[in-house]
Amino acid sequence: MNYFKQLREIILDSVEELVSSGAVPDGLDLESINVEPPRDPSHGDVATNAALVLAGKVGRKPREIAEEIALFLKRLHVPAPIAEVDVAGPGFINMRLSAAFLRGRLRDVLESGTAYGDSDLGQGRAVNVEYVSANPTGPLHVGNARGAVFGDALARLLRKTGFDVTREYYVNDAGTQVDVLARSAYLRYREALGEDVGEIPEGLYPGDYLVPVGERLAAEHGDRWLNEDEDSWLPVVRETATDAMMELIRADLDAVGAEIDVFSSERKLVEAGGADEAERLLADRGLIYEGVLDAPRGKRPEDWEPREQTLFRSTAFGDDVDRPLRKSDGGWTYFAGDVAYHRDKMARGFDAMIDVWGADHAGHVKRMKAAVAALSGNGAELDVKLYQLVKLSRGGEPVHMSKRAGSFVTVGDVVDEVGKDVARFIMLTRRNDAPLDFDFEAVTEQSRDNPVFYVQYAHARACSVLRNAAGSLGGEVDGGALRRANLDRLTHGDELALIKALGGWPRLVETAAEAHEPHRVAFFVHDLASAFHRFWNRGKEEPDLRFIVDEDRELTLARAALVKGVATVIASGLEVMGVEPVEEMR
């Protein structure tokens with residue numbers, strides 16, 4: 001239960017009370033009234049801007065309205081769920097929650113398990129999350145890994161909040177890059193047949209991952225294509241090489257734990273007339289014309305060769321310039337394929353789409369949003385999430401390339417060295433649009449400076465406490481016993497603060513889902529782990545705060561319930577991140 005929503009309903013009830021009394025008029029837009037944690041925790045547990053919002057609409061002083069709302073709250077909602085109400089500053093209303101109400105949130109955790117924080121926010125709305133979508137020209141590099149982890153975690157987050165999520169990979173198998181792949185694979189085919197091909201020419205893919213492709217071609221076709229013209233062997237080699245690369249990519253996605261529901265082929269879409277259909281739809285809406293684009297910024301006029309092209313009027317939808325759908329020779333542009341693909345997604349029922357792109361595609365965001373707006377008549381939503389580079393190092397020294405790939409570090413290289421869980425966790429410790437430093441030594445060291453270790457250790461420590469409590473209580477720490485624990489025994493300020501942190505998880509889940517920011521989950525579980533470690537350390541210094549009090553079984557059981565709550569919420573957060581919680585540290 002997101003108790004901030006519950007408290008907002010209480011605030012709205014107080015506004016209705018003011019309406020009934022004639023203090024404020026009926027029919028006001030109350031959408032901007034919010035209830036959230038105050039910036040300064042010393043001010044209380046929750047705060048609302050209700051008085052400030054109302055004052056701007058009715059021309060009264062916000063503090064006067066705040067006092068009236070506070071009076072209503074004190075009369076009807078103190079001592080539960082609100083213990084104290086205070087009006088501060090120009091009209092903010094700060095509230096402290098009752099201990100009984102907070103303990104009820106721990107009860108929610110114990111009853112729901114890792115489903116605690118699940119929400120119906122999405123109301124079953126279909127949303128398409130497309131991520132990775134790397135060209136099928138080799139294994140995934142570490143930058144792709146960041147996009148894969150971000151997209152997969154975002155999909156998990158949206159599913160937890162009640163969206164009907166489809167995870168999708170767009171296979172860019174229609175461009176010139178797959179022809180380059182085919183030529184590179186053909187060279188390895190000749191090599192597999194015994195020819196000394198020498199150094200791989202510049203412009204072709206040099207990685208050893210193409211050696212097995214050449215061997216497969218030789219095994220399947222013998223020397224059939226050895227002396228044939230390129231036009232003869234290119235389609236066959238291209239299909240074999242593309243299929244082989246997608247096998248590598250699927251293995252890399254599996255290694256990093258990124259699930260994909262649908263793989264969509266650009267080539268198949270274009271061959272089925274998808275680009276033609278998108279062009280017709282835009283033309284029917286008067287958004288296609290033949291024209292000449294101005295020279296790009298930074299180019300001298302003598303370097304620019306103007307040519308007539310088929311253009312999409314993307315400036316009508318907020319883009320900087322109109323965009324070509326066809327080249328001057330009549331062939332499709334890359335953009336045309338992307339337009340067709342997004343139209344296809346909408347035709348499959350997705351009016352909410354999220355694309356996860358590398359930061360090098362930032363210049364394509366406006367045109368793609370314009371195309372979606374034009375194709376849907378402004379009825380569909382597209383959110384493009386850009387992720388920045390990953391800087392790899394080892395002990396502070398840069399790591400540049402993989403022996404297998406030849407020019408970059410692969411997903412497989414990273415996962416083989418540090419493991420899936422470490423890789424995923426670290427990828428989510430920064431905003432997607434912030435650069436990420438990934439030091440192989442730092443991410444595997446066992447110290448509080450390593451967020452992966454720090455959070456996993458908190459979960460393992462909680463599990464250890466529960467095992468020890470079971471020994472002290474004779475096994476009475478199963479789910480049923482913990483749910484029956486007398487939580488009224490939890491009265492210390494640190495205990496209640498820890499429960500309040502647990503109670504904030506449902507709100508965090510919803511706000512992170514609304515913002516499409518799964519890194520907030522990583523921040524939350526780290527903060528929760530820190531609070532738990534602090535409480536555990538206090539128990540070492542103050543015996544009355546230890547989790548296991550041998551002479552007080554009831555208190556021990558109540559604190560075991562609190563520890564179970566911490567372990568459960570950490571596990572719930574790690575589940576969203578796609579990370580397995582550990583019960584013992586090795």
Minimum-distance pair of heavy atoms, taken over all atoms of [X] and [Y]:
X    : Y    : answer
S184 : Y205 : OG-N, 2.9 Å
D252 : G412 : OD1-N, 3.9 Å
V339 : A371 : CG2-CB, 3.9 Å
P518 : L157 : CA-CD2, 4.1 Å
L428 : F150 : CD2-CA, 4.3 Å
G578 : K420 : O-NZ, 3.0 Å

Would you kindly say whether [X] and [Y] are connected by a side-chain donor-acceptor distance under 3.5 Å?
X    : Y    : answer
S314 : K366 : no
S328 : E308 : no
T176 : D179 : no
E279 : T310 : no
D433 : Q388 : no
T166 : D261 : no
S265 : D173 : yes

Report task. Decide side chain to side chain donor-acceptor pair (under 3.5 Å) for Y334 and E266; before the verdict, give the C-alpha distance in whole Å, the side-chain angles of both, and the deciding distance to 0.1 Å. Result -> CA-CA 10 Å; Y334 286 117; E266 179 184 8; over 6 Å; no

Using 0.5 Å steps for rounding, measure from the [atom1] atom of [X] to the [atom2] atom of [Y].
X    : Y    : atom1 : atom2 : value
T429 : M577 : OG1   : CE    : 8.0 Å
Q177 : T137 : CD    : OG1   : 7.0 Å
R323 : F312 : CZ    : CZ    : 10.0 Å
L389 : L436 : CG    : CG    : 10.0 Å
R156 : R167 : CZ    : CZ    : 5.5 Å
Y189 : H221 : OH    : NE2   : 7.5 Å

I'd like to know if the side chain of [X] reaches the main chain of [Y], judged simply by a donor and an acceptor atom lying under 3.5 Å from each other, with no hydrogens or angles considered.
X    : Y    : answer
T240 : V237 : no
D29  : E31  : yes
D421 : V579 : no
S133 : Y170 : yes
D26  : V19  : no
N49  : N34  : yes
T333 : L325 : yes

Before you tell me yes or no, could you show the steps for D413 and T410 under side chain to side chain donor-acceptor pair (under 3.5 Å), namely the whole-Å CA-CA distance, both residues' side-chain angles and the distance that decides it to 0.1 Å? CA-CA 5 Å; D413 294 328; T410 70; 2.9 Å; yes

Considering only NZ, NE, NH1 and NH2 on the basic side and carboxylate oxygens on the acidic side, decide whether [X] and [Y] come within less than 4.0 Å.
X    : Y    : result
R520 : E517 : yes
R280 : D284 : no
E580 : R424 : no
R188 : E191 : yes
R307 : D329 : no

- Message: Run the side-chain contact (heavy atoms from CB on, under 4.5 Å) test on M245 and V213 for me, step by step, so that the C-alpha distance in whole Å, both residues' side-chain angles and the decisive distance to 0.1 Å come before the verdict.
- Response: CA-CA 9 Å; M245 294 307 97; V213 181; 3.7 Å; yes

Checklist entry - Passes side-chain contact (heavy atoms from CB on, under 4.5 Å), V372 versus K369? Steps please. => result CA-CA 5 Å; V372 168; K369 289 195 170 200; 5.8 Å; no

- Worked check of side-chain contact (heavy atoms from CB on, under 4.5 Å) between E130 and M353: CA-CA 8 Å; E130 178 214 333; M353 294 166 282; over 6 Å; no

| query | For D338 and K345, what are the C-alpha separation, side-chain angles and deciding distance, and is it a salt bridge (Lys or Arg N to Asp or Glu O under 4.0 Å)? | reply | CA-CA 11 Å; D338 291 339; K345 285 197 273 193; over 6 Å; no

Subject >> Worked check of ring-ring contact (aromatic ring centres under 6.0 Å, His included) between Y186 and W225 >> reply: CA-CA 9 Å; Y186 183 73; W225 306 113; 8.9 Å; no

Just wondering, are more than 12 heavy atoms of other shown residues or ligands nearer than 6.0 Å to [atom1] in [X]?
X    : atom1 : value
Q123 : CD    : yes
R285 : CZ    : yes
E220 : CD    : yes

Go through the steps for R367 and D319 under the test salt bridge (Lys or Arg N to Asp or Glu O under 4.0 Å), then give the verdict.
-> CA-CA 6 Å; R367 70 188 69 175; D319 199 2; 5.0 Å; no

With a 4.5 Å limit on heavy-atom distance, are the side chains of [X] and [Y] in contact?
X    : Y    : value
V443 : F425 : no
S119 : V509 : no
L7   : I11  : no

Should the ring pair F438 and F440 be called parallel, tilted or perpendicular, given that the plane angle runs from 0 to 90° and is split at 30 and 60?
->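 F438 and F440: perpendicular rings.
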
field: Plane angle bin for H364 and W357 - parallel if under 30°, tilted between 30 and 60°, otherwise perpendicular
entry: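 The rings of W357 and H364 stand perpendicular, inter-plane angle above 60°.
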
**Report entry** R326 vs E290, salt bridge (Lys or Arg N to Asp or Glu O under 4.0 Å): CA-CA, chis, key distance, verdict
**Finding:** CA-CA 10 Å; R326 292 183 182 271; E290 300 297 318; over 6 Å; no

With a distance cut-off below 6.0 Å to the six-membered ring centre and an angular limit of 45° from the axis, does [X] pair with [Y] as a cation-pi contact?
X    : Y    : result
R250 : F263 : yes
R146 : Y387 : no
R313 : Y289 : yes

Margin query: Between H342 and D355, does the side chain to side chain donor-acceptor pair (under 3.5 Å) criterion hold? Intermediate values first, please.
Written below: CA-CA 10 Å; H342 284 76; D355 290 358; 2.6 Å; yes

Could you walk me through whether L154 and Y131 pass side-chain contact (heavy atoms from CB on, under 4.5 Å), step by step? CA-CA 10 Å; L154 177 56; Y131 49 96; over 6 Å; no

Between R216 and E247, is the salt bridge (Lys or Arg N to Asp or Glu O under 4.0 Å) condition met? List the steps.
CA-CA 13 Å; R216 181 189 301 184; E247 289 174 10; 3.2 Å; yes

